[in-house]
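Here is the structure we will look at, set down as structure tokens.
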Number of protein chains: 2
Amino acid sequence: MLISVNFECRYFIMDYSLSFKVNEHIYLRDPEGTELGKQIIKHAIELIYEIGFEHFTFKKLALEMNTTEASIYRYFTNKHRLLLYILNWYWSYMEYLVVVQLEPIQDIRAKLERVVELFTHELPERVGQSDYNKNRLHQIVISESSKVYLVKEVKEINENEVFKPYKDLCARISDLIKTYQPNYPFPHSLSTTLIETAHSQLFFSTYLPKLTDVQDLPKPGFVEQYLKDLVFKALV
Amino acid sequence: MLISVNFECRYFIMDYSLSFKVNEHIYLRDPEGTELGKQIIKHAIELIYEIGFEHFTFKKLALEMNTTEASIYRYFTNKHRLLLYILNWYWSYMEYLVVVQLEPIQDIRAKLERVVELFTHELPERVGQSDYNKNRLHQIVISESSKVYLVKEVKEINENEVFKPYKDLCARISDLIKTYQPNYPFPHSLSTTLIETAHSQLFFSTYLPKLTDVQDLPKPGFVEQYLKDLVFKALV
DNA sequence: TTTTAAATAATAGTATTACTATTCAATATA
DNA sequence: TATATTGAATAGTAATACTATTATTTAAAA
């Protein structure tokens, strides 16, 4: 029943082998607990990255990793829950990164700049020895993350606190914003806008560039520039 | 093959019975051309609103409107294309609204304010006598719109210009932004951020309020306030 | 007016997907 | 050693996505 984990304490203890406890309501059997479980997550990230969440099925995943469909169903009730698990891991990981990477920075503005960079750049591959391919994970988050909450069942799903890692991440960035500009009335909304817009603008700049201004500007760093401008103007 | 329709001309001619020509590549048979076709769209909006896009199937839609699955398949290859059709209609309708409702306004800042209001409020029910329930359409757009482009097949789908209405809408708001603040370097990205953030913040404020600041502020008009603040600070 | 062609929709399927009941095999515990 | 307990596979079912074919209506040509 460990739902609210005190991250600040655990980060430094567990820096080497990075593993986050994910809310028990998301899975049937803890994937971290068995070798097969860990393989399911690892291969799921690869397969969703390759074929997209709509085409992803437990049958295909089982085939890919030489196990059976039914075995995967013993870990997750459906593919939606598996995606939710991956995203819980990602949100926890991002909160960890925000805490660890901002700690040595003194200037609050520089801290906020670093946050924008964290969400607009590729993920650092070697921070924490987790087994998952960070870049593919990041691509999945960009393309598939909204699908975990944009469903008819949000209310019921939300009751088990499965979005808590996202809310915690949002609250942490929100705190930083409040420190930087105590009078700003929308710190939580600006945090989620920062995260969601990072995803949508990264997606658009690759696949639907006319919905962005990427053609007029250098592609790498475009979203970073745009979001830094947006955030710091909002916090004047 | 009528892809680029000159909207400025058509708006006033067609003000009474509002119908937009949707890109031919989206459908197999034009739903506007037959009574059954029109019923498909109307009932699809109702059913997607009720059960959500994931649970929506052609079988259920056929049952709902007393026709057969196969008949619906003669209009659309799959439910994704049907959603794309609905969104093309919505984007064209929003561009129409932007043009018509901004025309009488003189002040450019007031025009931009009106744009934010258009995307954060319920849709005006009686502008144009279209048969579709505007509020349900708006709810669908909030919850389902990103699912039409967040798919593995974006590139191929995009080749047939099926996202043109969204790009046109974005370009029109972008022009307004450029008039208001010629030096701003991200007019397209700000336009899509405005639209996408309106959707996500409206969704979050209802279902995941902790991801927003809605608890501290009056609920109706919250997203409007937030976005007006964000947009006009960005354009200082 | 009759015949033929085209358009429209329904019937009856198949393949895939999502999910489950049951069985088998391997450990761990008493 | 006997017996729970756990982990994973077999073998299904129901629903979903999609299609080939047939029937019916409408329109055009002879």
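A note on names: the letters A, B, ... follow the listed sequences, proteins ahead of strands, and every chain is numbered from 1. It should be emphasised that the depicted structure is a prediction, and the values quoted were computed from it without experimental measurement.
C:dT8 atom P lies 14 Å from atom CD of B:Glu35, rounded to whole Å. In this structure, the CD1 atom of B:Ile72 is 13 Å from the C1' atom of D:dC18, given to the nearest Å. Atom CG in B:Leu28 sits roughly 12 Å away from atom P in D:dC18 (whole-Å rounding). The OH atom of B:Tyr73 sits 21 Å away from the P atom of D:dT22 (whole-angstrom rounding). Rounded to whole Å, atom P of C:dA10 lies 12 Å from atom CG of B:Leu61. When the C1' atom of D:dA8 is taken as reference, atom CZ of A:Phe58 falls 15 Å away, rounded to whole Å. For the pair B:Phe76 CZ and D:dC18 C1', the computed distance is 16 Å after rounding to whole Å. Atom-to-atom, CD of B:Glu54 to C1' of D:dA17 comes out at 15 Å; the value is rounded to the nearest Å.
Side-chain atoms of A:Ser145 and A:Tyr90 include no donor-acceptor pair closer than 3.5 Å. Checked by atom type, the side-chain pair A:Asn23/A:His25 shows a donor-acceptor distance below 3.5 Å.
Not one N or O on the side chain of B:Ser205 forms a donor-acceptor pair closer than 3.5 Å with the backbone of B:Val214.
Using a 4.0 Å cut-off, no side-chain N or O of A:Lys59 falls inside it from OP1 or OP2 of C:dA18. The side chain of B:Ser71 places no N or O atom within less than 4.0 Å of a non-bridging phosphate oxygen (OP1 or OP2) of C:dA9.
Each of D:dA17, D:dA8, D:dT19 was ranked by its minimum atom distance to the side chain of A:Leu36; first place goes to D:dA8. Candidate nucleotides D:dT10, C:dA18, C:dC19 were compared by shortest atom distance to the side chain of A:Asn78, and C:dC19 ranks first. The side chain of B:Arg74 approaches C:dT8 more closely than any other nucleotide in the set D:dA17, C:dC19, C:dT8. Side-chain atoms of A:Lys60 lie closest to C:dT17 of the nucleotides D:dT10, C:dT17, D:dT16. The side chain of A:Ala70 lies closest to D:dA9, out of D:dA17, C:dA18, D:dA9. Comparing D:dA11, C:dT22, C:dT8 by their closest approach to the side chain of B:Thr34 singles out C:dT8. When the nucleotides D:dT10, C:dA10, D:dA17 are ranked by their closest atom to the side chain of B:Thr67, C:dA10 comes out on top. Taking only side-chain atoms of B:Thr68, from C-beta outward, the nucleotide of C:dA10, C:dA21, C:dA18 with the closest atom is C:dA10.
Contact annotation for B:Tyr75: backbone-only contact, meaning every heavy-atom pair under 4.0 Å involves sugar-phosphate atoms and none involves a base. Residue B:Arg29 is classed as a sugar-phosphate contact, given heavy-atom separations below 4.0 Å to backbone atoms only.
B:Phe204 does not carry B:Lys210 over the face of its six-membered ring by the limits of under 6.0 Å from the centre and within 45° of the normal.
Here the CG-CZ distance, from B:Leu211 to B:Phe203, works out to 10.5 Å after rounding to the nearest 0.5 Å.
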